[in-house]
Amino acid sequence: MRVLIAEDDPVFRRMLEATLSQWGYDPIVTTTGLQAWEVLCQEHPPRLAMLDWVMPGMDGVDICRRMRETPAMQLTYVILVTSRDATQDIVAGLEAGANDYITKPYDRAELQARLGVGVRVVDLQQSLADRVKELQEALAEVRQLQGILPICSYCKKVRSDQKYWERVEDYISAHSEVAFSHAICPECWETVVQPQIQEMGWERIPYEE
Amino acid sequence: MRRVGGDLELLKELAALFLESCPERLPDLRTAVERGDSKALEQVAHALKGAVGNFAATAAFEAALRLEEMGRAGDLTGAEAALARMEMEMERLTEALMALESERPA
């Protein structure tokens with residue numbers, strides 16, 4: 001999974017890049033807030049981001065605020081990296097829109113665990129988004145059964161959206177989960193089938209379901 | 001070593017990066033103290049604190065932290081002493097990292 005890193009300290013940046021690679025992530029490394037913002041503005045931004053709090057120019061908190069105002073970036077999970085551990089700073093960061101924070105120097109196990117949380121959240125969001133898409137597609141198909149359908153008064157064929165006439169059962173099978181099992185109703189049994197039976201010289205056969 | 005997952009080559013790489021960028025910031029600290037510029041002191045001390053923290057250099061970290069706090073509070077009393085401490089710790093760290101660079105891989 002791609003992880004955006006925004007960090008101005010070269011040593012910390014390299015360490016983070018190496019550590020994330022070791023753990024199987026795909027780090028996208030930037031050195032300033034502006035660079036990180038440009039990566040986020042791309043068509044499919046990384047779903048995870050680790051942003052340094054204090055950076056010259058656009059800092060981590062600024063980026064968080066801007067991200068939360070941008071619909072395309074809502075799905076990105078942000079961990080703010082801060083050496084400020086005063087509670088009010090943490091609150092400010094979380095309120096600005098970060099999902100989590102970690103203080104540096106960080107504990108490796110803790111970072112790995114917090115990233116794991118991020119991955120879970122991202123996966124969950126993705127499956128929800130997929131499900132919504134499925135439901136929308138299903139709903140679009142269901143809507144096809146509403147509306148006005150021209151039907152032939154004689155043979156009962158219907159004119160589909162593709163502008164050709166087809167049998168009712170073909171139309172309904174194509175647009176729903178219904179399957180037809182062909183049978184004969186009592187009236188048609190009497191008016192159509194019974195005469196054919198008698199024509200062949202047989203006895204009347206009573207109607208059976 | 002634990003912080004780099006036992007990767008000596010990575011540690012050497014990080015040491016090199018540190019040596020490239022940090023020792024030259026040390027004079028900025030002195031300048032800030034001499035000018036009484038608490039904002040600059042806070043910023044430079046903060047950056048150096050982060051950098052030395054990567055190497056678990058506790059003494060240097062704490063010295064930087066003290067300077068940063070002085071800068072933030074705008075009260076530079078005792079800054080000279082703290083600065084002397086910081087400079088000493090930075091020198092020790094720099095020497096240790098340079099020794100690391102010349103170490104042969106195990």
Side-chain angles (χ1 to χ4, degrees), chain A residues 3 5-25 27 29-33 50-61 79-90 92-93 101-116, chain B residues 1-26 28 39-69 71-73 89-90 93-94 96-98 100-101:
Chain A
V3 182
I5 298 177
E7 173 58 61
D8 63 336
D9 172 51
V11 178
F12 192 72
R13 186 170 64 232
R14 179 73 192 102
M15 180 146 72
L16 206 47
E17 184 189 357
T19 307
L20 288 179
S21 300
Q22 272 177 25
W23 290 337
Y25 294 98
V29 182
T30 60
T31 53
T32 66
M50 290 191 61
L51 308 177
D52 191 17
W53 185 302
V54 176
M55 286 188 288
M58 226 176 144
D59 68 20
V61 177
I79 301 179
L80 268 183
V81 181
T82 170
S83 34
R84 298 152 91 117
D85 51 8
T87 315
Q88 71 227 41
D89 290 332
I90 291 170
Y101 72 93
I102 190 157
T103 52
K104 51 178 178 179
Y106 56 78
D107 176 272
R108 270 173 75 94
E110 188 183 342
L111 176 61
Q112 195 171 21
R114 287 182 190 274
L115 274 169
Chain B
M1 273 294 274
R2 198 173 22 91
R3 290 183 56 73
V4 295
D7 184 348
L8 181 61
E9 286 309 308
L10 178 60
L11 187 56
K12 285 189 188 177
E13 197 186 333
L14 296 177
L17 283 169
F18 179 87
L19 292 169
E20 263 172 36
S21 55
C22 291
E24 59 200 34
R25 303 215 68 186
L26 204 48
D28 293 343
K39 194 87 184 102
L41 178 63
E42 183 191 356
Q43 281 172 353
V44 179
H46 179 84
L48 281 173
K49 183 190 75 175
V52 304
N54 289 309
F55 299 98
T58 329
F61 185 89
E62 281 171 9
L65 177 60
R66 249 194 309 285
L67 285 166
E68 182 189 354
E69 283 169 348
R72 189 175 308 150
E89 293 302 334
M90 277 291 280
L93 180 60
T94 308
L97 290 176
M98 284 171 85
L100 185 65
E101 273 202 304

Discussion item. So B:L14 and A:F12, do their side chains get closer than 4.5 Å, heavy atoms only?
Written reply: no

Worksheet item: Can you tell me how far CZ of B:F18 sits from CE of A:M15, rounded to the nearest 0.5 angstrom?
Response: 12.0 Å

Practice prompt. Look at B:E13, B:Q43, B:E20 and state which one has the largest set of heavy-atom pairs under 4.5 Å with chain A.
Written response: B:E13

Worksheet item: Which atom pair, heavy atoms only, marks the closest approach of B:N54 to A:V11?
Response: ND2-CG1, 3.6 Å

Discussion item. So, taking the atom named NE2 in B:H46 and the one named CG in A:D9, what distance separates them when rounded to the nearest 0.5 Å?
Written reply: 9.5 Å

Item to complete: Please examine the side chains of A:R14 and B:L10, heavy atoms only from C-beta on, and report whether any two atoms are closer than 4.5 Å.
Response: yes

